[in-house]
Amino acid sequence: MREIGHFIDGRRIDGTSGRFGDVYNPATGEVQARVALASTSELDAAVAGAAAAQVRWGATNPQRRARVMMRFVELLNANMDKLAEALSREHGKTLPDAKGDVQRGLEVAEFCIGAPHLLKGEYTDSAGPGIDMFSMRQPLGVVAGITPFNFPAMIPMWKMCPALACGNAFILKPSERAPSVPLMLAELMQEAGLPDGVLQVLNGDKEAVDAILNHPEIMAVGFVGSTPIAEYIYAKGCAAGKRVQCFGGAKNHMIIMPDADMDQAADALIGAGYGAAGERCMAISVAVPVGEATADRLVAKLIPKVESLKIGPYTAGNDVDFGPVVTRAAQKRILDLVESGVRAGAELKVDGRGFRMQGYENGFFVGACLFDRVTPDMDIYREEIFGPVLSTVRAQTYDEAIELTMSNPYGNGTAIFTRDGDTARDFASRINVGMVGVNVPIPVPLAYHTFGGWKKSGFGDLNQHGPDAFRFYTRTKTVTARWPSGIKEGAAFSIPTME
(Lines give C-alpha, C1' and ligand atoms only; values in the text may rest on other atoms or scores of the structure.)
Protein backbone atom coordinates (compact mmCIF):
# COMPACT_ATOMS: atom_id res chain seq x y z
CA MET A 1 0.00 0.00 0.00
CA ARG A 2 1.38 3.39 -1.03
CA GLU A 3 2.08 5.67 1.92
CA ILE A 4 1.87 9.45 1.77
CA GLY A 5 3.90 11.44 4.28
CA HIS A 6 4.72 15.11 4.77
CA PHE A 7 6.85 17.81 3.13
CA ILE A 8 9.23 19.24 5.72
CA ASP A 9 12.37 21.37 5.30
CA GLY A 10 12.43 20.99 1.53
CA ARG A 11 11.76 17.28 1.09
CA ARG A 12 9.17 14.56 1.50
CA ILE A 13 9.47 12.58 4.71
CA ASP A 14 7.61 9.67 6.26
CA GLY A 15 5.31 10.21 9.20
CA THR A 16 6.44 9.03 12.64
CA SER A 17 3.19 9.00 14.60
CA GLY A 18 2.22 5.48 13.55
CA ARG A 19 -1.28 6.74 12.70
CA PHE A 20 -2.68 6.70 9.17
CA GLY A 21 -5.84 7.60 7.31
CA ASP A 22 -7.22 5.90 4.22
CA VAL A 23 -7.19 7.70 0.88
CA TYR A 24 -9.93 6.37 -1.39
CA ASN A 25 -10.53 6.27 -5.09
CA PRO A 26 -14.09 7.66 -4.99
CA ALA A 27 -14.98 6.08 -8.34
CA THR A 28 -14.23 2.52 -7.21
CA GLY A 29 -14.56 2.78 -3.44
CA GLU A 30 -11.12 1.21 -3.05
CA VAL A 31 -8.38 2.39 -0.70
CA GLN A 32 -5.56 3.57 -2.94
CA ALA A 33 -3.12 4.90 -0.34
CA ARG A 34 -2.52 5.59 3.33
CA VAL A 35 -1.71 9.09 4.53
CA ALA A 36 0.31 9.73 7.66
CA LEU A 37 -1.49 11.66 10.40
CA ALA A 38 0.89 13.98 12.20
CA SER A 39 1.35 14.13 15.94
CA THR A 40 1.77 17.26 18.04
CA SER A 41 5.51 16.67 18.24
CA GLU A 42 5.74 16.49 14.44
CA LEU A 43 3.89 19.79 14.19
CA ASP A 44 6.25 21.33 16.74
CA ALA A 45 9.26 20.25 14.69
CA ALA A 46 7.74 21.62 11.49
CA VAL A 47 7.07 24.98 13.16
CA ALA A 48 10.62 25.14 14.52
CA GLY A 49 12.01 24.59 11.02
CA ALA A 50 9.64 27.17 9.56
CA ALA A 51 10.51 29.77 12.21
CA ALA A 52 14.23 29.36 11.54
CA ALA A 53 13.75 29.66 7.77
CA GLN A 54 11.36 32.62 7.99
CA VAL A 55 13.94 35.05 9.34
CA ARG A 56 15.97 35.08 6.13
CA TRP A 57 12.91 34.78 3.88
CA GLY A 58 11.22 37.72 5.60
CA ALA A 59 14.36 39.80 5.06
CA THR A 60 14.42 38.93 1.34
CA ASN A 61 13.25 41.89 -0.67
CA PRO A 62 9.69 41.63 -2.03
CA GLN A 63 10.78 41.65 -5.66
CA ARG A 64 12.90 38.53 -5.18
CA ARG A 65 10.02 36.83 -3.39
CA ALA A 66 7.78 37.79 -6.30
CA ARG A 67 10.21 36.13 -8.72
CA VAL A 68 9.65 32.85 -6.89
CA MET A 69 5.92 33.28 -7.52
CA MET A 70 6.63 34.04 -11.17
CA ARG A 71 8.59 30.82 -11.58
CA PHE A 72 5.94 28.90 -9.61
CA VAL A 73 3.28 30.02 -12.11
CA GLU A 74 5.43 28.75 -14.98
CA LEU A 75 5.80 25.37 -13.27
CA LEU A 76 2.05 25.15 -12.57
CA ASN A 77 1.32 25.62 -16.26
CA ALA A 78 3.94 23.06 -17.24
CA ASN A 79 2.56 20.48 -14.78
CA MET A 80 -1.15 21.20 -15.24
CA ASP A 81 -2.08 17.77 -16.62
CA LYS A 82 -0.13 15.92 -13.95
CA LEU A 83 -1.69 17.95 -11.15
CA ALA A 84 -5.21 17.57 -12.55
CA GLU A 85 -4.89 13.80 -12.89
CA ALA A 86 -3.65 13.39 -9.31
CA LEU A 87 -6.45 15.65 -8.09
CA SER A 88 -9.16 13.74 -9.96
CA ARG A 89 -7.83 10.40 -8.76
CA GLU A 90 -8.31 11.34 -5.09
CA HIS A 91 -11.23 13.75 -5.25
CA GLY A 92 -13.27 12.24 -8.09
CA LYS A 93 -13.97 15.45 -10.04
CA THR A 94 -13.66 15.48 -13.82
CA LEU A 95 -10.36 16.41 -15.46
CA PRO A 96 -11.63 19.73 -16.87
CA ASP A 97 -12.96 20.64 -13.42
CA ALA A 98 -9.65 19.59 -11.83
CA LYS A 99 -7.76 21.83 -14.23
CA GLY A 100 -10.10 24.66 -13.26
CA ASP A 101 -9.23 23.96 -9.61
CA VAL A 102 -5.52 24.41 -10.38
CA GLN A 103 -6.14 27.42 -12.63
CA ARG A 104 -8.05 29.42 -10.02
CA GLY A 105 -5.20 28.87 -7.58
CA LEU A 106 -2.65 29.77 -10.24
CA GLU A 107 -4.41 33.10 -10.78
CA VAL A 108 -3.85 34.01 -7.12
CA ALA A 109 -0.16 33.15 -7.53
CA GLU A 110 -0.13 35.48 -10.56
CA PHE A 111 -1.67 38.25 -8.47
CA CYS A 112 1.03 37.73 -5.83
CA ILE A 113 3.72 38.57 -8.38
CA GLY A 114 2.58 42.14 -7.70
CA ALA A 115 3.52 41.84 -4.01
CA PRO A 116 6.12 44.66 -4.10
CA HIS A 117 3.38 47.16 -4.94
CA LEU A 118 0.91 45.74 -2.43
CA LEU A 119 3.48 45.83 0.39
CA LYS A 120 4.37 49.48 -0.03
CA GLY A 121 3.86 51.59 3.08
CA GLU A 122 2.98 55.26 3.52
CA TYR A 123 5.20 58.28 4.11
CA THR A 124 4.65 61.78 5.42
CA ASP A 125 7.51 64.25 5.45
CA SER A 126 7.47 67.18 7.85
CA ALA A 127 4.73 65.67 9.98
CA GLY A 128 6.07 68.04 12.63
CA PRO A 129 9.09 70.28 13.02
CA GLY A 130 11.94 68.15 11.70
CA ILE A 131 9.76 65.03 12.00
CA ASP A 132 9.04 62.47 9.29
CA MET A 133 6.59 59.62 9.67
CA PHE A 134 6.32 56.38 7.71
CA SER A 135 4.60 53.02 7.95
CA MET A 136 5.67 49.64 6.65
CA ARG A 137 4.03 46.25 6.28
CA GLN A 138 5.97 43.41 7.86
CA PRO A 139 5.32 39.65 7.86
CA LEU A 140 3.72 38.04 10.89
CA GLY A 141 6.26 35.20 11.07
CA VAL A 142 4.92 31.64 10.94
CA VAL A 143 1.30 31.30 9.77
CA ALA A 144 -0.88 28.29 8.96
CA GLY A 145 -3.66 27.18 6.65
CA ILE A 146 -6.17 24.36 7.15
CA THR A 147 -7.77 23.52 3.82
CA PRO A 148 -10.64 21.27 2.62
CA PHE A 149 -10.92 18.25 0.33
CA ASN A 150 -13.09 19.83 -2.35
CA PHE A 151 -10.42 22.16 -3.77
CA PRO A 152 -7.08 20.44 -3.06
CA ALA A 153 -5.12 22.84 -5.31
CA MET A 154 -7.02 26.12 -5.34
CA ILE A 155 -7.56 26.81 -1.66
CA PRO A 156 -4.02 25.86 -0.52
CA MET A 157 -2.73 28.34 -3.12
CA TRP A 158 -5.26 30.97 -2.00
CA LYS A 159 -3.72 30.69 1.46
CA MET A 160 -0.04 30.01 0.93
CA CYS A 161 0.77 32.27 -2.03
CA PRO A 162 -0.14 35.61 -0.38
CA ALA A 163 1.36 34.47 2.92
CA LEU A 164 4.68 33.55 1.30
CA ALA A 165 4.76 36.66 -0.90
CA CYS A 166 4.41 38.72 2.29
CA GLY A 167 7.52 37.08 3.75
CA ASN A 168 5.92 34.60 6.14
CA ALA A 169 6.69 30.93 6.57
CA PHE A 170 3.63 28.77 6.00
CA ILE A 171 2.38 25.55 7.62
CA LEU A 172 -0.21 23.86 5.40
CA LYS A 173 -2.52 21.21 6.87
CA PRO A 174 -4.49 19.98 3.84
CA SER A 175 -7.41 17.57 3.89
CA GLU A 176 -6.31 14.03 4.59
CA ARG A 177 -8.86 12.86 1.99
CA ALA A 178 -6.94 14.41 -0.93
CA PRO A 179 -3.32 14.87 0.20
CA SER A 180 -1.26 14.31 -2.95
CA VAL A 181 -1.70 17.61 -4.80
CA PRO A 182 -0.69 19.85 -1.85
CA LEU A 183 2.57 17.89 -1.60
CA MET A 184 3.12 18.33 -5.34
CA LEU A 185 2.51 22.07 -5.00
CA ALA A 186 5.15 22.25 -2.26
CA GLU A 187 7.66 20.51 -4.52
CA LEU A 188 6.92 22.94 -7.35
CA MET A 189 7.31 25.90 -4.99
CA GLN A 190 10.65 24.47 -3.90
CA GLU A 191 11.70 24.10 -7.54
CA ALA A 192 10.67 27.71 -8.09
CA GLY A 193 13.29 28.82 -5.58
CA LEU A 194 11.56 28.86 -2.20
CA PRO A 195 14.13 28.17 0.56
CA ASP A 196 13.91 24.98 2.61
CA GLY A 197 11.50 25.15 5.52
CA VAL A 198 9.55 28.22 4.41
CA LEU A 199 6.65 26.00 3.26
CA GLN A 200 5.88 22.94 5.37
CA VAL A 201 3.05 20.55 4.47
CA LEU A 202 1.86 18.41 7.35
CA ASN A 203 -0.92 15.90 6.81
CA GLY A 204 -3.15 15.17 9.75
CA ASP A 205 -6.50 15.18 11.47
CA LYS A 206 -7.92 16.95 14.53
CA GLU A 207 -4.74 16.37 16.53
CA ALA A 208 -2.76 18.40 14.00
CA VAL A 209 -5.47 21.08 13.87
CA ASP A 210 -5.47 21.51 17.64
CA ALA A 211 -1.67 21.55 17.68
CA ILE A 212 -1.74 24.43 15.19
CA LEU A 213 -4.30 26.34 17.26
CA ASN A 214 -2.33 25.82 20.47
CA HIS A 215 1.13 26.58 19.13
CA PRO A 216 2.37 29.95 20.44
CA GLU A 217 4.66 30.61 17.46
CA ILE A 218 1.89 30.34 14.84
CA MET A 219 0.62 33.89 14.52
CA ALA A 220 -2.32 33.45 12.13
CA VAL A 221 -4.60 30.68 10.90
CA GLY A 222 -6.78 30.49 7.79
CA PHE A 223 -9.46 27.83 7.38
CA VAL A 224 -12.03 26.70 4.82
CA GLY A 225 -14.55 23.95 5.62
CA SER A 226 -17.85 23.37 7.39
CA THR A 227 -19.43 26.05 9.57
CA PRO A 228 -19.25 24.09 12.87
CA ILE A 229 -15.51 23.56 12.44
CA ALA A 230 -15.04 27.15 11.24
CA GLU A 231 -16.71 28.37 14.45
CA TYR A 232 -14.50 26.05 16.54
CA ILE A 233 -11.26 27.17 14.88
CA TYR A 234 -12.22 30.83 14.98
CA ALA A 235 -13.13 30.75 18.68
CA LYS A 236 -10.11 28.73 19.75
CA GLY A 237 -7.66 30.60 17.54
CA CYS A 238 -8.86 34.02 18.67
CA ALA A 239 -8.75 32.92 22.31
CA ALA A 240 -5.10 32.00 21.75
CA GLY A 241 -4.40 35.50 20.46
CA LYS A 242 -4.00 34.54 16.81
CA ARG A 243 -5.24 36.37 13.77
CA VAL A 244 -7.93 34.09 12.29
CA GLN A 245 -10.02 33.96 9.11
CA CYS A 246 -12.48 31.09 8.71
CA PHE A 247 -14.88 30.33 5.88
CA GLY A 248 -17.72 27.89 6.46
CA GLY A 249 -20.72 26.37 4.77
CA ALA A 250 -23.28 27.80 2.39
CA LYS A 251 -26.82 27.57 1.11
CA ASN A 252 -26.65 29.63 -2.05
CA HIS A 253 -29.89 30.89 -3.60
CA MET A 254 -30.46 31.91 -7.21
CA ILE A 255 -33.52 34.09 -7.86
CA ILE A 256 -35.13 33.78 -11.29
CA MET A 257 -37.34 36.72 -12.21
CA PRO A 258 -40.25 36.39 -14.68
CA ASP A 259 -38.36 38.44 -17.29
CA ALA A 260 -35.23 36.26 -17.16
CA ASP A 261 -33.98 34.34 -20.17
CA MET A 262 -35.27 30.95 -19.02
CA ASP A 263 -32.89 28.89 -21.16
CA GLN A 264 -29.94 30.84 -19.82
CA ALA A 265 -31.19 30.49 -16.25
CA ALA A 266 -31.75 26.74 -16.59
CA ASP A 267 -28.29 26.17 -18.07
CA ALA A 268 -26.75 28.25 -15.30
CA LEU A 269 -28.53 26.22 -12.64
CA ILE A 270 -27.37 22.95 -14.16
CA GLY A 271 -23.72 23.96 -14.12
CA ALA A 272 -23.84 25.69 -10.74
CA GLY A 273 -25.95 23.05 -9.03
CA TYR A 274 -24.42 19.84 -10.31
CA GLY A 275 -20.83 20.71 -11.24
CA ALA A 276 -18.28 18.86 -9.06
CA ALA A 277 -21.23 16.77 -7.81
CA GLY A 278 -22.37 19.81 -5.85
CA GLU A 279 -19.30 19.67 -3.61
CA ARG A 280 -18.62 23.40 -3.80
CA CYS A 281 -19.22 26.08 -1.20
CA MET A 282 -20.32 28.31 -4.09
CA ALA A 283 -22.71 25.78 -5.63
CA ILE A 284 -26.27 26.93 -6.21
CA SER A 285 -28.41 24.54 -4.21
CA VAL A 286 -31.65 26.55 -4.10
CA ALA A 287 -33.51 27.91 -7.15
CA VAL A 288 -36.09 30.59 -6.30
CA PRO A 289 -38.37 31.30 -9.27
CA VAL A 290 -40.68 34.28 -8.74
CA GLY A 291 -44.31 33.49 -9.63
CA GLU A 292 -46.02 30.20 -10.40
CA ALA A 293 -45.72 30.63 -14.16
CA THR A 294 -41.97 31.29 -13.86
CA ALA A 295 -41.57 28.23 -11.65
CA ASP A 296 -43.50 25.98 -14.03
CA ARG A 297 -41.44 27.15 -17.02
CA LEU A 298 -38.17 26.76 -15.15
CA VAL A 299 -38.86 23.27 -13.80
CA ALA A 300 -40.05 22.11 -17.23
CA LYS A 301 -36.72 23.19 -18.71
CA LEU A 302 -34.66 21.75 -15.87
CA ILE A 303 -36.09 18.21 -15.87
CA PRO A 304 -34.72 17.02 -19.25
CA LYS A 305 -31.39 18.74 -18.63
CA VAL A 306 -30.96 17.02 -15.26
CA GLU A 307 -32.03 13.67 -16.66
CA SER A 308 -29.43 13.89 -19.44
CA LEU A 309 -26.44 14.64 -17.19
CA LYS A 310 -23.54 12.23 -17.74
CA ILE A 311 -22.11 10.82 -14.53
CA GLY A 312 -18.95 8.76 -14.35
CA PRO A 313 -15.29 8.47 -13.32
CA TYR A 314 -12.81 11.06 -14.57
CA THR A 315 -11.27 8.38 -16.79
CA ALA A 316 -14.49 8.21 -18.86
CA GLY A 317 -13.59 11.34 -20.84
CA ASN A 318 -13.97 15.09 -20.82
CA ASP A 319 -17.68 14.93 -21.61
CA VAL A 320 -18.49 13.57 -18.14
CA ASP A 321 -20.52 16.21 -16.28
CA PHE A 322 -19.66 15.14 -12.76
CA GLY A 323 -18.15 12.25 -10.86
CA PRO A 324 -18.60 10.60 -7.46
CA VAL A 325 -18.72 12.34 -4.10
CA VAL A 326 -15.68 12.08 -1.90
CA THR A 327 -16.57 9.32 0.62
CA ARG A 328 -19.11 6.62 1.41
CA ALA A 329 -20.25 8.69 4.40
CA ALA A 330 -20.91 11.70 2.15
CA GLN A 331 -22.86 9.49 -0.25
CA LYS A 332 -25.03 8.15 2.57
CA ARG A 333 -25.67 11.59 4.04
CA ILE A 334 -26.80 13.00 0.69
CA LEU A 335 -29.14 10.08 0.03
CA ASP A 336 -30.56 10.34 3.55
CA LEU A 337 -31.34 14.02 2.99
CA VAL A 338 -33.05 13.21 -0.31
CA GLU A 339 -35.18 10.62 1.50
CA SER A 340 -36.08 13.21 4.12
CA GLY A 341 -37.22 15.61 1.39
CA VAL A 342 -39.53 12.95 -0.06
CA ARG A 343 -40.96 12.18 3.38
CA ALA A 344 -41.51 15.90 4.04
CA GLY A 345 -43.65 16.22 0.91
CA ALA A 346 -41.33 17.89 -1.59
CA GLU A 347 -41.83 16.76 -5.20
CA LEU A 348 -38.82 14.76 -6.43
CA LYS A 349 -38.97 15.55 -10.16
CA VAL A 350 -35.72 13.75 -10.99
CA ASP A 351 -34.78 10.84 -8.73
CA GLY A 352 -31.10 9.91 -8.81
CA ARG A 353 -31.16 7.62 -5.81
CA GLY A 354 -31.03 4.47 -7.86
CA PHE A 355 -28.02 5.45 -9.98
CA ARG A 356 -25.57 2.62 -10.53
CA MET A 357 -22.67 2.53 -12.97
CA GLN A 358 -21.61 -0.76 -14.48
CA GLY A 359 -18.13 -1.68 -13.33
CA TYR A 360 -18.20 0.96 -10.60
CA GLU A 361 -20.93 -0.36 -8.36
CA ASN A 362 -18.84 0.28 -5.23
CA GLY A 363 -18.04 3.87 -6.15
CA PHE A 364 -19.41 6.82 -4.22
CA PHE A 365 -21.78 7.98 -6.96
CA VAL A 366 -25.03 9.85 -6.38
CA GLY A 367 -27.39 10.46 -9.27
CA ALA A 368 -28.62 13.97 -9.96
CA CYS A 369 -31.77 14.89 -8.01
CA LEU A 370 -34.20 17.75 -8.63
CA PHE A 371 -36.84 18.82 -6.11
CA ASP A 372 -39.78 21.15 -6.63
CA ARG A 373 -42.06 22.75 -4.04
CA VAL A 374 -39.49 22.64 -1.27
CA THR A 375 -40.37 24.74 1.76
CA PRO A 376 -38.04 26.47 4.25
CA ASP A 377 -39.00 24.15 7.12
CA MET A 378 -37.63 21.04 5.35
CA ASP A 379 -34.22 19.56 6.19
CA ILE A 380 -33.20 19.58 2.54
CA TYR A 381 -33.61 23.36 2.62
CA ARG A 382 -32.12 24.04 6.04
CA GLU A 383 -29.00 21.87 5.70
CA GLU A 384 -26.07 22.20 3.33
CA ILE A 385 -26.39 19.01 1.26
CA PHE A 386 -23.02 19.29 -0.54
CA GLY A 387 -24.17 16.93 -3.25
CA PRO A 388 -25.87 16.86 -6.68
CA VAL A 389 -29.27 17.98 -5.39
CA LEU A 390 -31.10 21.12 -6.49
CA SER A 391 -34.14 22.35 -4.57
CA THR A 392 -36.76 24.65 -6.06
CA VAL A 393 -38.48 26.97 -3.57
CA ARG A 394 -41.31 28.91 -5.19
CA ALA A 395 -41.77 32.58 -4.28
CA GLN A 396 -44.81 34.61 -5.23
CA THR A 397 -43.07 38.00 -5.28
CA TYR A 398 -39.61 39.50 -5.58
CA ASP A 399 -39.78 40.70 -1.97
CA GLU A 400 -40.62 37.19 -0.80
CA ALA A 401 -37.67 35.81 -2.78
CA ILE A 402 -35.22 38.34 -1.40
CA GLU A 403 -36.46 37.80 2.16
CA LEU A 404 -35.96 34.05 1.76
CA THR A 405 -32.31 34.65 0.84
CA MET A 406 -31.73 37.27 3.52
CA SER A 407 -33.26 35.22 6.34
CA ASN A 408 -31.07 32.20 5.60
CA PRO A 409 -28.29 31.79 8.18
CA TYR A 410 -25.65 31.39 5.47
CA GLY A 411 -24.37 34.24 3.33
CA ASN A 412 -21.68 32.94 1.00
CA GLY A 413 -22.98 33.55 -2.54
CA THR A 414 -26.20 34.38 -4.33
CA ALA A 415 -27.38 35.30 -7.81
CA ILE A 416 -30.28 36.86 -9.64
CA PHE A 417 -31.29 36.31 -13.26
CA THR A 418 -33.23 39.20 -14.75
CA ARG A 419 -33.24 41.58 -17.71
CA ASP A 420 -34.23 44.52 -15.50
CA GLY A 421 -31.39 46.76 -14.34
CA ASP A 422 -33.36 48.36 -11.49
CA THR A 423 -34.15 44.96 -10.00
CA ALA A 424 -30.55 43.82 -10.34
CA ARG A 425 -29.19 46.98 -8.71
CA ASP A 426 -31.68 46.78 -5.87
CA PHE A 427 -30.81 43.11 -5.28
CA ALA A 428 -27.05 43.72 -5.26
CA SER A 429 -27.46 46.64 -2.87
CA ARG A 430 -29.89 45.09 -0.37
CA ILE A 431 -28.83 41.47 -0.15
CA ASN A 432 -26.87 40.47 2.98
CA VAL A 433 -24.58 38.01 1.17
CA GLY A 434 -20.87 38.41 0.55
CA MET A 435 -20.68 37.54 -3.17
CA VAL A 436 -23.42 38.42 -5.65
CA GLY A 437 -23.97 37.38 -9.24
CA VAL A 438 -26.16 39.23 -11.74
CA ASN A 439 -26.88 36.76 -14.54
CA VAL A 440 -23.76 34.96 -13.25
CA PRO A 441 -24.54 31.75 -11.34
CA ILE A 442 -21.31 31.25 -9.35
CA PRO A 443 -19.99 34.71 -8.47
CA VAL A 444 -16.45 33.74 -7.43
CA PRO A 445 -14.39 36.95 -7.64
CA LEU A 446 -11.20 37.07 -9.66
CA ALA A 447 -7.88 36.99 -7.83
CA TYR A 448 -7.49 40.76 -7.56
CA HIS A 449 -10.79 41.09 -5.67
CA THR A 450 -11.50 39.32 -2.38
CA PHE A 451 -13.48 36.16 -1.65
CA GLY A 452 -15.57 35.88 1.48
CA GLY A 453 -19.06 35.19 2.78
CA TRP A 454 -21.23 36.85 5.41
CA LYS A 455 -23.21 35.51 8.36
CA LYS A 456 -22.40 31.88 9.18
CA SER A 457 -20.35 31.51 6.00
CA GLY A 458 -17.49 33.71 7.16
CA PHE A 459 -15.72 34.49 10.44
CA GLY A 460 -13.10 37.22 10.68
CA ASP A 461 -12.61 40.73 9.39
CA LEU A 462 -10.53 40.06 6.27
CA ASN A 463 -11.27 37.91 3.23
CA GLN A 464 -9.26 35.54 1.08
CA HIS A 465 -6.98 36.63 -1.78
CA GLY A 466 -6.95 40.11 -3.30
CA PRO A 467 -5.75 43.08 -1.21
CA ASP A 468 -7.32 41.65 1.96
CA ALA A 469 -4.87 38.73 1.91
CA PHE A 470 -1.91 41.10 2.09
CA ARG A 471 -3.54 42.90 5.01
CA PHE A 472 -4.21 39.61 6.78
CA TYR A 473 -0.68 38.24 6.43
CA THR A 474 1.14 41.43 7.45
CA ARG A 475 1.09 43.87 10.33
CA THR A 476 1.71 47.57 10.10
CA LYS A 477 4.55 49.30 11.92
CA THR A 478 4.63 53.09 12.03
CA VAL A 479 7.90 54.96 12.60
CA THR A 480 8.18 58.58 13.71
CA ALA A 481 11.70 59.92 13.06
CA ARG A 482 13.31 63.20 13.99
CA TRP A 483 16.67 64.25 12.61
CA PRO A 484 17.67 67.47 14.39
CA SER A 485 19.99 69.76 12.50
CA GLY A 486 21.65 71.03 15.65
CA ILE A 487 21.40 71.36 19.42
CA LYS A 488 17.83 72.19 20.41
CA GLU A 489 16.40 73.78 23.48
CA GLY A 490 16.51 70.58 25.55
CA ALA A 491 13.97 68.07 26.78
CA ALA A 492 10.27 68.55 26.15
CA PHE A 493 7.78 67.18 28.66
CA SER A 494 4.45 67.83 26.96
CA ILE A 495 3.02 65.83 24.06
CA PRO A 496 4.07 67.33 20.70
CA THR A 497 1.31 69.25 18.92
CA MET A 498 1.01 71.15 15.67
CA GLU A 499 1.10 74.92 16.11
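Bear in mind that the values here come from a model prediction, so they are computed numbers and not experimental data.
Counting heavy-atom neighbours within 6.0 Å of Lys242 NZ, excluding the residue itself, gives a total above 12. By the neighbour-count criterion of 12 heavy atoms within 6.0 Å, atom CG of Asn61 is densely surrounded, having more than that number from other residues, nucleotides or ligands. When the shell of 6.0 Å around OH of Tyr448 is examined, it contains 12 or fewer heavy atoms from other residues, nucleotides or ligands. Atom CZ of Arg56 has 12 or fewer heavy atoms from other residues, nucleotides or ligands within 6.0 Å. Remark: Glu231 CD is packed, more than 12 non-hydrogen atoms of other residues, nucleotides or ligands lying under 6.0 Å away.
Every residue two or more places apart in sequence or in another chain was checked for a ring-ring contact (aromatic ring centres under 6.0 Å, His included) with His6, and none qualifies. Residues passing the side-chain contact (heavy atoms from CB on, under 4.5 Å) test with Asp461, sequence neighbours excluded: none.
Residues Val326 and Glu279 approach most closely at N-OE2, 3.1 Å, considering heavy atoms. The shortest heavy-atom contact between Ala283 and Gly278 is CB-O, 4.0 Å. The shortest heavy-atom contact between Tyr473 and Lys159 is OH-O, 3.4 Å. The two atoms that bring Ala127 and Met133 nearest to each other are CB-CB, 4.2 Å, heavy atoms only. Here the closest non-hydrogen pair linking Gly323 and Thr94 is N-CG2, 4.4 Å. Between Pro179 and Asn203, the closest heavy-atom pair is CB-OD1, 3.5 Å.
Taking the charged nitrogens against the carboxylate oxygens, Asp379 and Arg382 do have a contact shorter than 4.0 Å, which makes a salt bridge. Under the 4.0 Å criterion applied to side-chain N and carboxylate O atoms, Arg333 and Glu383 are assigned as salt-bridge partners. Taking the charged nitrogens against the carboxylate oxygens, Arg34 and Glu3 do have a contact shorter than 4.0 Å, which makes a salt bridge.
Relative ring orientation between Phe459 and Tyr234 is described as tilted, the plane-to-plane angle lying within the 30° to 60° band.
If you run side chain to side chain contact (heavy atoms under 4.5 Å, CB included) between Ile146 and each of Leu172, Val221, Ile155, only Val221 comes through. Residue His253 is tested with Tyr410, Tyr381, Phe427 for a ring-ring contact (aromatic ring centres under 6.0 Å, His included); the sole match is Tyr381.
Both tests pass for Lys93 against the ring of Phe151: distance under 6.0 Å to the centre and angle within 45° of the axis.
Between the side chain of Asn252 and the backbone N or O of Cys281, at least one donor-acceptor pair lies under 3.5 Å.
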